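The structure under discussion appears below in the form of structure tokens.
A note on names: the letters A, B, ... follow the listed sequences, proteins ahead of strands, and every chain is numbered from 1. Nothing here was measured: the structure is a model prediction, and the numbers come from that model.
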2 protein chains.
Amino acid sequence: MKAQALHGHLDALLLAVLEQGALHGYAIIEALRARSDGNLDLPTGTIYPALRRLERAGHVASTWSTVSGRERRTYQLTDSGRRALAGERAGWREFQTTVGRFLDPGSPPAPA
Amino acid sequence: MKAQALHGHLDALLLAVLEQGALHGYAIIEALRARSDGNLDLPTGTIYPALRRLERAGHVASTWSTVSGRERRTYQLTDSGRRALAGERAGWREFQTTVGRFLDPGSPPAPA
DNA sequence: GTTCGACAAGTAGCGTAGCTACGCATGAAG
DNA sequence: CTTCATGCGTAGCTACGCTACTTGTCGAAC
């Protein structure tokens with residue numbers, strides 16, 4: 001799928017995958033790919049800056065760990081992040097119904 | 001609602017409103033506002049460039065008319081536009097289910 | 001024993017596309 | 001006569017995801 005359509009929804013997705021448990025960056029990418037049946041195959045240049053944005057915003061916290069010689073930075077949701085996720089979900093619902101009113105068939109304009 | 005979330009879906013919305021009949025730019029803005037209960041209040045600087053993009057792409061055609069001294073440019077959907085709209089609808093459906101899998105409650109991860 | 005590919009993190013620079021803030025013109029209202 | 005709604009349009013900004021690249025370890029292949 002055209003990934004640029006994600007604009008503005010990526011943060012919500014990241015928070016959502018972290019909701020189920022802490023993951024490191026690479027694993028987040030794989031989780032997104034897995035849970036979307038391969039539809040979301042996001043490059044590191046998209047994920048890592050987004051994670052740092054979320055960390056600056058206080059929505060996630062990161063801890064370094066070394067696993068078999070490899071450094072990995074594991075991210076976990078903060079309370080603030082959990083609240084942000086709730087807001088994102090509400091926003092998504094609103095966005096979905098608003099756009100859906102134009103693009104979903106069945107209830108177009110005047111429902112007369 | 002945060003309008004920047006529209007990214008990538010605006011063309012689809014414009015095609016959708018024009019699907020029900022030709023409108024001029026200003027009327028399109030009002031139609032979007034009306035059909036979205038005021039959630040979509042898009043500035044002219046968003047709409048006009050988008051319409052010209054769609055026209056360059058051949059998805060809409062425009063005709064000038066003068067109404068009580070005021071020039072207005074009326075846009076109508078072309079066949080190509082109708083096809084594009086169908087594609088946009090399909091894309092929207094895919095986007096919706098993909099993102100929804102993360103943000104809609106009820107069917108989160110392992111559906112075991 | 002060197003090379004290659006998966007894992008893991010990261011940055012610089014680009015492009016797209018919507019938004020802000022304008023400018024211009026007409027007609028009606030006050 | 002000034003203000004506001006209608007109506008079109010553009011220049012420049014900004015946000016943000018993407019491309020392409022670098023660095024580094026480890027295990028497997030050759």
Indicate every side-chain donor-acceptor pair of residues 40-48 of chain B with a distance under 3.5 Å to a residue at least two apart or in another chain.
{"residue": "B:Asp41", "atom": "OD1", "partner": "B:Arg33", "partner atom": "NH1", "Å": "2.8"}

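For the pair A:Arg53 and D:dA15, the criterion of a side-chain N or O lying under 4.0 Å from OP1 or OP2 is not met.
Inspection of the A:His59 and A:Ser80 side chains reveals an N or O donor paired with an N or O acceptor under 3.5 Å.
Using a 30° and 60° split on the angle between ring planes, B:His9 and B:Phe95 fall in the tilted class, from 30° to 60°.
Here C:dT20 presents its P atom at 10 Å from CG of B:Leu42, a figure rounded to the nearest Å. For A:Ile28 and C:dA8, the CD1 to C1' distance is 12 Å, given to the nearest whole Å. Separating the CD1 atom of A:Ile47 from the C1' atom of C:dC7 is a distance of 16 Å, rounded to the nearest angstrom. Taking atom CG of A:Leu23 as the reference point, atom C1' of C:dA9 lies 15 Å away to the nearest angstrom. Atom CG in B:Asp41 sits about 14 Å away from atom C1' in C:dT20, given to the nearest Å. In this structure, A:Leu51 places its CG atom 15 Å from C1' of C:dT11, rounding to the nearest Å. Atoms NE2 (A:His7) and C1' (D:dC18) sit 9 Å apart, rounded to a whole Å. In this structure, A:Leu6 atom CG and C:dA17 atom P are separated by 14 Å, rounded to whole Å.
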Footprint string (nucleotides 4-10 of chain D, 5' to 3'): B base within contact, S backbone only, - free, heavy atoms under 4.0 Å: --BBBBB
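At a threshold of 4.0 Å, the pair A:Arg101-B:Asp37 counts as salt-bridged, since one of the basic side-chain nitrogens sits closer than that to a carboxylate oxygen.
Sorted by first and then second residue, the salt bridge (charged side-chain N to carboxylate O under 4.0 Å, His left out) pairs involving residues 58-73 of chain B (not counting sequence neighbours) form an empty list.
Along DNA chain D, the nucleotide nearest A:Gly69 and the nucleotide nearest A:Ala50 are compared for position; the residue whose nucleotide lies closer to the 5' end is A:Ala50.
Taking CG of A:Leu85 as the start and CZ of B:Phe102 as the end, the distance is 12.5 Å to the nearest 0.5 Å.
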